[in-house]
Peer 1: 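My structure is below; once you've seen it, I'll send some questions.
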2 protein chains.
Amino acid sequence: MRPNDIADALEELVFTGEFRDGDRLDEITLAARFGVSRTPIREALQRLVVSGLAEQLPRRGVFIRQPGPVDLMEMFETMAEIEAACGRLAALRITDAALASLQQANARCLAAVTAGDADGYYRENQTFHHVIYHETGNSFLEQEALRLNRRLSPFRRVQLRWRGRMAQSMAEHETVVAALRDGDSVRAADTLRAHVAVQGEKFHQLIASLRLAAQ
Amino acid sequence: MRPNDIADALEELVFTGEFRDGDRLDEITLAARFGVSRTPIREALQRLVVSGLAEQLPRRGVFIRQPGPVDLMEMFETMAEIEAACGRLAALRITDAALASLQQANARCLAAVTAGDADGYYRENQTFHHVIYHETGNSFLEQEALRLNRRLSPFRRVQLRWRGRMAQSMAEHETVVAALRDGDSVRAADTLRAHVAVQGEKFHQLIASLRLAAQ
DNA sequence: GTCAATCACCTTGTATACAAGAAATTGCTT
DNA sequence: AAGCAATTTCTTGTATACAAGGTGATTGAC
């Protein structure tokens, strides 16, 4: 197992909640667990620290750093702004083929909603957003969007469990597609921002999901 | 010298052009240069790779990866969108004190322009933008903006050498301040995006600066 | 003379040994 | 018994030794 894979595995363990906020990631224990020496473990831990999932205190070790309510609000607000930017650029550049695939993803979303298939909805929702990132024609922005999207995915996932959220999200997707189809960059940005933003009831859902994760 | 400092020093060497695109960063040479063993060098190199300044080919080494024209265009476009987002939020939240410090920074910018002091202008221009990042009230977004700003700083710096650019940039700052003062989030976003965007003559300047750097 | 295969050397990647600092435990003092 | 200090132990940080893979050169064959 290589340091990259170890870092991915550790990320997964953070996301799934095996590691809690404040936990110290002991190098020796992890080395034993992954069957390697401390060296590749240290490299993996460094990656966690750089990506913001953990914090390093010199001569003390690295500690899991789960975002608190304020951090999450800030990250979701930033995500909303980045999605808005993606929508703005995509409205100017999206291809007909990509528009069609957006509508296909939406159709599959709808099918998942009616089937009550939360996992399926989550998957198709992801492709919907990924297509928009890609259609910015800006691979750098695309990567940044993917990075933040991935970082927030564990929290977005919990939100979908809420009654009626999937249907509402679907409707918002439709308005986004309409704006993109019309090449209306302002409307594309505004609808996407509103879609991603965490406000009103969604805020309470988010806090609730935090309490669940902290159990 | 600790890995963090070594990484900073290496970044600096990349920015100042001592390391060129495609150069391999030899662990042994660097270890000798910094008077440490390969271990802290490897940690520093990892940081460079994660931050996108270098590329790692397994069993081959890490290589400096200077952005090409396309990369730069994408990065500047992304920066423009992020600045626009910062302007949008700052317009809603900026304090009177911060507005005053923006105007002060602008005044010092003007003084630098008339004095032909490019370095002074660069410095005050940076504080101008940093204040806006901060006034988003969103420290996560602020950090992201600072990160990308820092990454692009070597390229922005060269652009200021161009005749008339400083005066034009100044005028744009004034329109930004006006929009922020009026709490007009749309205009703040639009003026900041236009200010940062690389279009028309600025595009040619950027390419020219690239050729200079590649000498 | 050129191309290919093999071999030697060099570099990266991993394990381990060593150094230095932090925490915990134990013993002493009040 | 409680608090403080010293020592011990454990962890991180760094250096070095070892393993594995890649590059390049040299030699041999066509």
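Just so you know, these numbers come straight off a predicted model, no measurement behind them. Numbers restart at 1 for each chain; the letters A, B, ... are given by sequence-line order, proteins then strands.
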Peer 1: In plain terms, say whether R42(A) and E27(A) are close enough for a salt bridge, that is, a side-chain N and a carboxylate O under 4.0 Å apart.
Peer 2: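 Here R42(A) pairs with E27(A) in a salt bridge, since their nearest N and O are under 4.0 Å apart.
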Peer 1: Residues from residues 49-59 of chain B sitting under 4.0 Å of DNA chain C, heavy atoms only?
Peer 2: Q56(B), P58(B), R59(B)
Peer 1: Looking for any heavy atom pair under 4.0 Å, which part of the strands does R60(A) touch: base, sugar-phosphate only, or nothing?
Peer 2: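 The answer is sugar-phosphate, as R60(A) gets under 4.0 Å only of primed atoms, P, OP1 or OP2.
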Peer 1: Which residue, I28(B) or T39(B), contacts DNA chain C at a nucleotide closer to its 5' end, judged by nearest heavy atom?
Peer 2: I28(B)
Peer 1: Looking at E11(B) and R150(B), is there a salt bridge between them, counting it only when a charged N and a carboxylate O are closer than 4.0 Å?
Peer 2: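 Salt bridge between R150(B) and E11(B), a charged N being under 4.0 Å from a carboxylate O: yes.
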Peer 1: Name the orientation class of the two ring planes belonging to H173(B) and Y121(B) (parallel below 30°, tilted from 30 to 60°, perpendicular beyond 60°).
Peer 2: parallel
Peer 1: Testing the 3.5 Å rule here: is there a donor-acceptor pair between the side chains of E83(A) and H195(A)?
Peer 2: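 On atom types as modelled, these side chains do not qualify, holding no pair under 3.5 Å.
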Peer 1: Tell me: CZ of R38(A) to C1' of dT12(D), nearest whole Å?
Peer 2: 6 Å
Peer 1: Can a salt bridge be assigned to the pair R88(A) and E77(B) using a cut-off of 4.0 Å between side-chain N and carboxylate O?
Peer 2: no
Peer 1: Using heavy-atom distances to pick each residue's nearest nucleotide on DNA chain C, tell me which of G35(A) and G61(B) is more 5'.
Peer 2: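 In this pair, the answer is G61(B).
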Peer 1: Base, sugar-phosphate, or nothing for R42(A), non-hydrogen atoms under 4.0 angstrom?
Peer 2: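 Here R42(A) touches the bases of the nucleic acid.
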Peer 1: For the pair E144(A) and R151(A), find out whether any cationic side-chain nitrogen is under 4.0 Å from an anionic carboxylate oxygen.
Peer 2: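 No, no charged N to carboxylate O under 4.0 Å.
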Peer 1: Can you confirm whether the side chains of N149(A) and R156(A) place a donor and an acceptor under 3.5 Å from each other?
Peer 2: yes
Peer 1: Taking S139(A)'s backbone N and O only, do any of them form a donor-acceptor pair with E74(B)'s side chain (distance below 3.5 Å, no angle check)?
Peer 2: yes
Peer 1: Considering only heavy atoms of chain A and a distance under 4.0 Å, specify the first and last nucleotide of DNA chain C in 5' to 3' order that meet this criterion.
Peer 2: dT14(C) to dA23(C)
